[in-house]
Amino acid sequence: MHSAKVHDFIGVVLAGGRSSRMGTNKAFLQYRGKPLIDHMVGLLKEAGAKDVWVSGSLAGYPCIPDEQTF
C-alpha cells in the first residue's frame, strides 16, 4: 500500500469585510481564551500549511487586503 504524499500548501483565513452587522470584528472575538483568528491560523498550521495568510487587513497578521472597499 502506498502512502499519499502531502504537498506543500498555503492556508488562507477569510476574515475580510466590515463587520457592520455585528458591530465588532469577529476575528477578535474570544474563543477559549484567545482571539478566534489565532485558533483558525493555528488549525491551518497544525494541518501542515506552509504559510498562513489572512484575507482582509488585520494588524499583526500577514494579510491579503480586500480588493473591494466598503
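We use all heavy atoms of the structure for the numbers below, so side chains are in, but hydrogens, waters and symmetry mates are not.
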Identify every side-chain donor-acceptor pair in residues 31-54 under 3.5 Å, counting partners at least two apart or on other chains, and give the distances.
unit_1: D38; atom_1: OD1; unit_2: Y61; atom_2: OH; d: 2.4
unit_1: H39; atom_1: NE2; unit_2: Y31; atom_2: O; d: 2.5

Original post:
Cluster partners of L29, using ILVMFWY side-chain heavy atoms under 4.5 angstrom, listed by chain and number?
Top reply: M22
Original post:
Checking S55 side chain against I64 main chain: does a donor-acceptor pair fall under 3.5 Å?
Top reply: no
**OP:** Please answer: with hydrophobic residues joined when any side-chain heavy atoms are less than 4.5 Å apart, are F9 and V13 in the same cluster?
**Re:** no
